[in-house]
2 protein chains.
Amino acid sequence: MERELLLLGLLRREDMHGYQLHEFIERNMTSCTDLKKPTAYHLLEKMTERGWLQPSPAQAGNRPARRVYRITPAGEAAFQALLRENVATHYPAYFTGNIGLAYLDALPAPEALARLRERHTSLAAELARLTAVPPHAGSLQWLIDHQRHHLRAELDWLETLIQHLTAVE
Amino acid sequence: MERELLLLGLLRREDMHGYQLHEFIERNMTSCTDLKKPTAYHLLEKMTERGWLQPSPAQAGNRPARRVYRITPAGEAAFQALLRENVATHYPAYFTGNIGLAYLDALPAPEALARLRERHTSLAAELARLTAVPPHAGSLQWLIDHQRHHLRAELDWLETLIQHLTAVE
DNA sequence: TTTTCCATGTAACTCGTTACATGATTTC
DNA sequence: GAAATCATGTAACGAGTTACATGGAAAA
């Protein structure tokens with residue numbers, strides 16, 4: 001559902017074909033989403049069947065034929081509804097990657113610390129990567145800012161946890 | 001995979017049957033995970049096939065028969081491996097519920113603000129609920145603390161965003 | 001006496017991923 | 001000549017959810 005919102009929003013700004021959409025998302029939104037190519041194509045097909053999109057064949061040079069999608073009035077209506085719902089609602093995030101924290105005491109304290117420091121390294125690297133990304137136009141930046149804020153909070157928390165465990169040791 | 005870690009970790013502390021496991025998770029870990037009953041049963045079956053668990057029939061009063069699971073040495077080994085990997089790795093979290101932020105500018109500013117305030121309300125409510133939960137023994141508390149920390153960060157960010165939009169308006 | 005709780009599951013379905021197929025074209 | 005890029009898809013699979021089935025016991 002959010003993936004449909006994502007595609008509709010991009011198509012609202014500009015007509016695009018599947019490959020192009022996927023590429024844009026991969027280049028600019030990796031930190032926030034991970035939409036695979038077959039999924040993208042599939043969603044575009046489904047939305048076309050629903051009358052939200054209108055594809056038209058296009059050619060650029062000798063390149064393979066493209067299907068360029070344009071958003072229809074029905075698509076715009078769907079976008080508006082999805083957007084309003086999405087902005088108004090808080091969808092709880094489950095950090096399945098953190099389940100292990102519940103069993104930290106099953107690890108010898110020094111090892112737990114070593115592993116957490118590993119985690120710290122990769123987290124810090126990702127935050128650095130995201131901070132280096134040049135700013136985007138319009139609201140897209142909010143999404144990236146949010147991700148950065150989240151990673152920052154995650155890092156803070158990890159540091160507190162590590163300090164705490166160090167003190168106990 | 002994390003769900004397997006979750007179940008193994010609980011069974012390491014105490015032999016339990018499926019219903020009991022699911023109930024414990026629902027009662028104590030709703031904020032961090034959302035494991036449905038059929039999924040739990042299915043995972044227990046799979047792990048039994050792999051030799052990680054050893055079920056034994058049990059009866060309590062006139063209640064329906066239970067399958068009480070005990071973790072095997074192979075299960076303990078799997079738990080150790082999963083735990084180490086889980087603690088050391090940072091799994092990036094995608095906030096699909098926030099995709100809408102990328103298109104905030106598609107909404108009239110006053111309406112965007114109103115919707116965001118709705119979101120703020122439910123977020124604050126969830127944080128309050130979580131803060132009211134009595135503390136748990138052992139490392140389980142880390143998981144809950146993390147969730148609380150995350151919600152707090154989420155709320156901070158929302159407030160900054162709302163302030164920013166108010167200033168512009 | 002009806003509802004809720006205990007306890008286990010099955011079947012159908014949705015969503016998404018992985019791996020593969022195709023074929024031209026540009027780059028190395 | 002080999003590899004990467006452009007562009008679209010299909011097929012098989014896997015994980016997880018929903019809805020349903022069963023049936024006795026306790027609670028309202």
Side-chain angles (χ1 to χ4, degrees), chain A residues 1-7 10-11 15-27 29-30 32-50 53-69 82 91-97 99, chain B residues 1-8 10-11 14-27 29-30 32-50 53-69 82 91-97 99:
Chain A
M1 234 194 61
E2 304 81 14
R3 292 147 178 289
E4 292 176 354
L5 176 60
L6 172 65
L7 292 172
L10 292 177
L11 288 174
D15 297 353
M16 290 202 242
H17 58 276
Y19 195 88
Q20 198 179 356
L21 281 160
H22 175 255
E23 206 180 47
F24 181 90
I25 292 168
E26 242 198 3
R27 290 237 172 103
M29 310 177 76
T30 348
C32 319
T33 273
D34 179 31
L35 186 69
K36 307 288 184 196
K37 234 186 286 183
T39 310
Y41 281 119
H42 180 237
L43 287 174
L44 289 169
E45 218 173 71
K46 262 188 15 184
M47 292 196 286
T48 304
E49 278 167 25
R50 274 185 222 143
L53 301 179
Q54 196 191 336
S56 57
Q59 202 88 30
N62 288 350
R63 290 266 153 228
R66 299 167 173 172
R67 297 189 77 192
V68 174
Y69 292 93
L82 287 173
Y91 304 88
Y94 299 115
F95 295 84
T96 50
I99 294 287
Chain B
M1 234 193 60
E2 305 81 13
R3 292 149 177 288
E4 292 177 355
L5 176 60
L6 172 64
L7 293 172
L8 286 173
L10 292 178
L11 288 174
E14 190 187 346
D15 298 352
M16 290 201 242
H17 58 276
Y19 194 89
Q20 197 179 357
L21 282 160
H22 176 256
E23 205 181 48
F24 181 89
I25 293 167
E26 242 198 1
R27 290 238 172 100
M29 310 176 76
T30 347
C32 319
T33 275
D34 180 30
L35 185 69
K36 307 288 182 196
K37 233 184 288 181
T39 310
Y41 282 118
H42 182 238
L43 287 175
L44 290 169
E45 217 172 74
K46 262 188 15 186
M47 292 196 287
T48 303
E49 279 167 27
R50 276 186 220 141
L53 301 180
Q54 196 191 336
S56 58
Q59 202 90 30
N62 288 349
R63 294 262 154 231
R66 300 166 173 173
R67 297 189 77 193
V68 174
Y69 292 93
L82 287 174
Y91 305 88
Y94 299 116
F95 295 84
T96 49
I99 294 287

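Side chains included, hydrogens not; waters and symmetry mates left out as well; all remaining heavy atoms used. Letters go in sequence order (proteins before strands), and every chain restarts at 1.
Here C:dC6 presents its C1' atom at 8 Å from CZ of B:R66, a figure rounded to the nearest Å. Rounded to an integer number of Å, the gap from B:M47 CE to D:dA15 P is 13 Å. Between B:Y69 atom OH and C:dG9 atom C1' there is a gap of 10 Å when expressed in whole angstrom units. Between A:L44 atom CG and D:dT10 atom P there is a gap of 13 Å when expressed in whole angstrom units. Nucleotide D:dA21 holds its P atom 18 Å from the OH atom of B:Y41, rounded to whole Å. Between the CD atom of B:E4 and the P atom of D:dG14 there is a distance of 14 Å, given to the nearest Å. Between the CZ atom of A:R67 and the P atom of D:dG9 there is a distance of 5 Å, rounded to whole Å. One interatomic measurement links the two molecules: NE2 of B:H22 to C1' of C:dC5, which rounds to 14 Å at whole-angstrom precision.
The environment of A:Q54 atom CD is sparse: at most 12 non-hydrogen atoms of other residues, nucleotides or ligands sit within 6.0 angstrom.
If you run side chain to side chain contact (heavy atoms under 4.5 Å, CB included) between A:L43 and each of A:T48, A:L21, A:L7, only A:L7 comes through. B:R66 pairs in a side chain to side chain contact (heavy atoms under 4.5 Å, CB included) with only one of the listed residues (B:H17, B:M16, B:Q20), which is B:H17.
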- Tell me, for nucleotides 22-28 of chain D in 5' to 3' order, what letter each nucleotide earns: B for a base near a protein heavy atom under 4.0 Å, S for only sugar-phosphate near one, - for neither? -B-SS--
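Proximity of B:Y41 to B:H22: side-chain heavy atoms (C-beta onward) are nowhere separated by under 4.5 Å.
To the nearest 0.5 angstrom, B:E4 atom CD is 12.0 Å from A:I99 atom CD1.
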Are there any protein N/O atoms within less than 3.5 Å of an N/O atom in nucleotides 15-18 of chain C, and if so, which ones and at what distance?
unit_1 : atom_1 : unit_2 : atom_2 : d
C:dG16 : OP1    : A:R3   : NE     : 3.0
C:dT17 : OP2    : A:T39  : OG1    : 2.7

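B:G97 and A:Y91 get closest at one heavy-atom pair: CA-CD1, 3.4 Å. Minimum heavy-atom separation, B:F95 to A:F95: CZ-CZ, 4.2 Å. The two residues B:D34 and B:K36 have their closest heavy-atom pair at OD2-NZ, 3.3 Å. The minimum heavy-atom distance between B:T96 and A:E2, with the atom names listed, is O-CG, 3.1 Å.
Checking C:dG9, C:dC6, D:dA7 against every side-chain atom of A:H17, the shortest atom distance belongs to D:dA7.
Heavy atoms of B:E23 sit under 4.0 angstrom from primed sugar atoms or phosphate atoms, though from no base atom.
For C:dC6, one of the phosphate oxygens OP1 or OP2 lies less than 4.0 angstrom from a side-chain nitrogen or oxygen of B:Y19.
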